[in-house]
Amino acid sequence: MGLLFKNEGHVVFKPAKDVDLTPASSELYLRANVKAPRMAGFLVKVFAWFLESRIFGTLLLFILKRDNLIHKLVTNAELEEPPVYVPLHPLDDKEEQDVKQVGSDLSPPELVQQAIECLPVSLEKTSTGSNFSFRHWTILDYSRAYTSGEITPRTVAEHLIAAIHESSTPPLQMSFFINYKAEDILKQATESTLRYEQGVPISALDGIPIAIKDEIDCLPYPTTGGTKWLHNLRPCTDDACCVKCLRLCGAVLVGKTNMHELGAGTSGINPHYGATRNPYSRSKISGGSSSGSAAVVASGLCPVALGVDGGGSVRMPAALCGVVGLKPTFGRVPHSGYAAISCQLPPRQLSVSPKVNFPLLNSTKPISSIKLAKYGEWFNDCSDDIRECCSNALERLQKQYGWKTVEVTIPEIEMMRLAHYVTIGSECSTSLSSFLEKLDFEELGWDARVALAVYGAFSGKEYIKAQKIRNRQMQFHMNLFTQADVIVSPTIGVTAYTILDDALNTGELDYINGAALVRYSIAGNFLGLPAVTVPVGYDKSGLPIGLQLIGKPWSEATLIHIAFAMQDLYVSEYRKPEVYYDLLNKNSVF
């Protein structure tokens, strides 16, 4: 760390501008120092009772924060940087390679058309000529099947409803959805079918089944946030902005996907609506908190789904379930209509550039001269299977496209993880405070009760220190982006682990696995940077592994270019999940 000196419980940091980010830096990599046993069932109930106790709770919370280095690295840290409370980056008009620039004042259907024109004409083979053994159907596959008359949105909807029912009941009990309405799905799909029959589909999204995480407002459904109570205290009265855009394009919104309660966990085990199970192995977690959204895409129920990423909550489950997950730059997507924590942008700030860049993926060759920043000690802090798989992926990228890896040092990563935890916990607690005052805590899951007890224990001093740490990390990362186009890492430190029976009714506390899952996710959220995960292989048990790319602010087009090139190297090696539904009835061709 960028230390001037330290003692038992006190750290003084040198100014961010004086910290060496080169590979020869003397900065030490500090591994996550998680000191908390796994708890579920009766144990997690006892722990929650103690935490909520006025006598024992204060002492326990003090010990937890001390032993997990929050006191040393956050509370008592001395930093000269001022706090940065919102990771909002100035709009950047720098040109990106191989993009089509369009005005953001176009309507959603017009923007979709512009994006479609940037895609390859055919995805029947990879650019290297390899055949597919299996692949998930894309939006274009559905759109072309509808346009050709090969199948209708109504028929797909019927297949979908049957598949949701089958996956929700024994023996599968995948718990993908919290809420769906067959009659509403069929109504939307019938209207879409009529538009295709009349030759007037709204856009390429017309009739495409899209699922929505149950943290995002989408009529006619309540927004539960994975709870049994939030929708009663905060009724859903309108679609979220992102949902309105999809509806304007003719998408069929098929329901609300399962999630970790209040987004306060990484496993996707929800004691109220069931543990969302991984389509690659029903006994394994799907990850959280956007568990259902990742799992429905992996299982073939939808070609795309919306999630919310506050701490890797899109990228982690996407990697665990073997699909692509994109988290955009902070401010790229309006925050209106989200039920859980949402930071309001200052009204004077533009949230979207007047221009939008779409990557020209139909180019005959990928973009050139890409530099990928890699911090070796951080990159390698994962399971052996993940390290080997992601290292091989990086080598293949370099060999196939001639891109270069730049060795760097990213200081104070564990400090950033703790600062993010203080920040998201404090903001969650504050956001929910008016609801919690009216709530009977018996309605909360036990793991969520523990999370809220911890969140409420962070002080104003700790929150401000965390925002100073954010400032340091933003300086570090913007400096690194002068040397490279993206930062590359694994997406997760461990692959999907087993769902144990004792967690099904109470949820579980597994902070060691949780820290390993979020290890590579924090910069995207805490610093407001865009990031994407792409499947690049499997562990020895056949569980998916993802490689993550973190980009400069507003560089989603470049990220998608690199992700598409990466996917092209691996798509012929993708495997069919254990639980999979072919709604187009076409996978027999592979």
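Numbers here simply count residues along the sequence, with the first being 1.
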Would [X] and [Y] count as having a side-chain donor-acceptor pair, cut-off 3.5 Å?
{"X": "Q114", "Y": "E110", "answer": "no"}
{"X": "S291", "Y": "N258", "answer": "no"}
{"X": "R470", "Y": "Q473", "answer": "no"}
{"X": "T423", "Y": "Q467", "answer": "yes"}
{"X": "E96", "Y": "S555", "answer": "no"}
{"X": "T533", "Y": "T491", "answer": "yes"}
{"X": "Q188", "Y": "D184", "answer": "yes"}

Worksheet entry | side-chain contact (heavy atoms from CB on, under 4.5 Å) evaluation trace for V243 with D217 | CA-CA 8 Å; V243 173; D217 287 342; over 6 Å; no

Could you tell me whether a side-chain N or O of [X] sits under 3.5 Å from a main-chain N or O of [Y], the two making a donor and an acceptor?
{"X": "H89", "Y": "L527", "answer": "yes"}
{"X": "R315", "Y": "S521", "answer": "yes"}
{"X": "T257", "Y": "G292", "answer": "no"}
{"X": "Q483", "Y": "A373", "answer": "no"}
{"X": "S290", "Y": "S293", "answer": "no"}
{"X": "D239", "Y": "K244", "answer": "no"}
{"X": "S168", "Y": "I164", "answer": "yes"}
{"X": "H420", "Y": "G310", "answer": "yes"}
{"X": "E556", "Y": "P328", "answer": "no"}
{"X": "T482", "Y": "N479", "answer": "yes"}

Item to complete: Taking only Lys NZ, Arg NE, NH1 and NH2, and the carboxylate oxygens of Asp or Glu, determine whether D309 and K213 approach each other closer than 4.0 Å.
Response: no

Discussion item. What I want to find out is whether E158 reaches R154 closely enough, with some N-O distance under 4.0 Å, to be called a salt bridge.
Written reply: yes

What's the spacing between [X] [atom1] and [Y] [atom2] if we round to 0.5 Å?
{"X": "F330", "Y": "W554", "atom1": "CZ", "atom2": "CH2", "answer": "9.0 Å"}
{"X": "S489", "Y": "L547", "atom1": "OG", "atom2": "CG", "answer": "7.0 Å"}
{"X": "L219", "Y": "D238", "atom1": "CG", "atom2": "CG", "answer": "6.0 Å"}
{"X": "K100", "Y": "L360", "atom1": "NZ", "atom2": "CG", "answer": "8.0 Å"}
{"X": "T223", "Y": "I216", "atom1": "OG1", "atom2": "CD1", "answer": "9.0 Å"}
{"X": "I202", "Y": "Q113", "atom1": "CD1", "atom2": "CD", "answer": "13.5 Å"}

Discussion item. Quick one, L361 with C118, criterion side-chain contact (heavy atoms from CB on, under 4.5 Å). Give me CA distance, side-chain angles, the key distance, then yes/no.
Written reply: CA-CA 6 Å; L361 302 180; C118 298; 5.7 Å; no

Worksheet item: Among N179, N270, T224, whose side-chain hydrogen bond (donor to acceptor under 3.5 Å, both in side chains) with D214 holds?
Response: T224

Check [X] against [Y] and note the closest heavy-atom contact, atom names and distance.
{"X": "H260", "Y": "S267", "answer": "CE1-OG, 3.3 Å"}
{"X": "G288", "Y": "P317", "answer": "O-CD, 3.6 Å"}
{"X": "C321", "Y": "P544", "answer": "C-CG, 3.9 Å"}
{"X": "A563", "Y": "V532", "answer": "CB-CG1, 4.0 Å"}
{"X": "F526", "Y": "A419", "answer": "CZ-CB, 3.7 Å"}
{"X": "L111", "Y": "G103", "answer": "CD2-O, 3.8 Å"}

Measuring only between side-chain heavy atoms, which start at C-beta, is [X] closer than 4.5 Å to [Y]?
{"X": "L246", "Y": "L205", "value": "yes"}
{"X": "S299", "Y": "F176", "value": "yes"}
{"X": "C249", "Y": "D206", "value": "no"}
{"X": "P209", "Y": "P303", "value": "yes"}
{"X": "W403", "Y": "D485", "value": "no"}
{"X": "T329", "Y": "P530", "value": "yes"}
{"X": "F564", "Y": "P120", "value": "yes"}
{"X": "P279", "Y": "Y581", "value": "no"}

Worksheet entry | Aromatic plane relationship, Y538 with Y280 - under 30° parallel, 30 to 60° tilted, over 60° perpendicular | tilted

Fill in: Matching residue for H136 among Y580, Y574, Y142 - test: ring pair (Phe, Tyr, Trp, His ring centres under 6.0 Å)
Y580

Validate the cation-pi geometry between [X] and [Y]: distance from NZ or CZ to the six-membered ring centre under 6.0 Å, angle to the ring axis within 45°.
{"X": "R234", "Y": "F435", "answer": "no"}
{"X": "R195", "Y": "Y146", "answer": "no"}
{"X": "K256", "Y": "Y221", "answer": "no"}

Practice prompt. Could you check T152 against Y196 for side-chain contact (heavy atoms from CB on, under 4.5 Å), going step by step and ending with a plain yes or no?
Written response: CA-CA 8 Å; T152 68; Y196 277 100; over 6 Å; no

Discussion item. Could you go through E191 and K187, starting from their C-alpha distance and side-chain angles, then the distance that decides it, and tell me whether this counts as salt bridge (charged side-chain N to carboxylate O under 4.0 Å, His left out)?
Written reply: CA-CA 6 Å; E191 291 170 353; K187 177 177 180 294; 3.0 Å; yes

Practice prompt. Test V156 against every option in I151, I161, N585 by the side-chain contact (heavy atoms from CB on, under 4.5 Å) rule and name the one that passes.
Written response: I151

Worksheet item: Would V254 and F177 count as a side-chain contact (heavy atoms from CB on, under 4.5 Å) if you check the C-alpha gap in whole Å, the side-chain angles of each, and the deciding distance to 0.1 Å?
Response: CA-CA 10 Å; V254 300; F177 284 87; 4.1 Å; yes

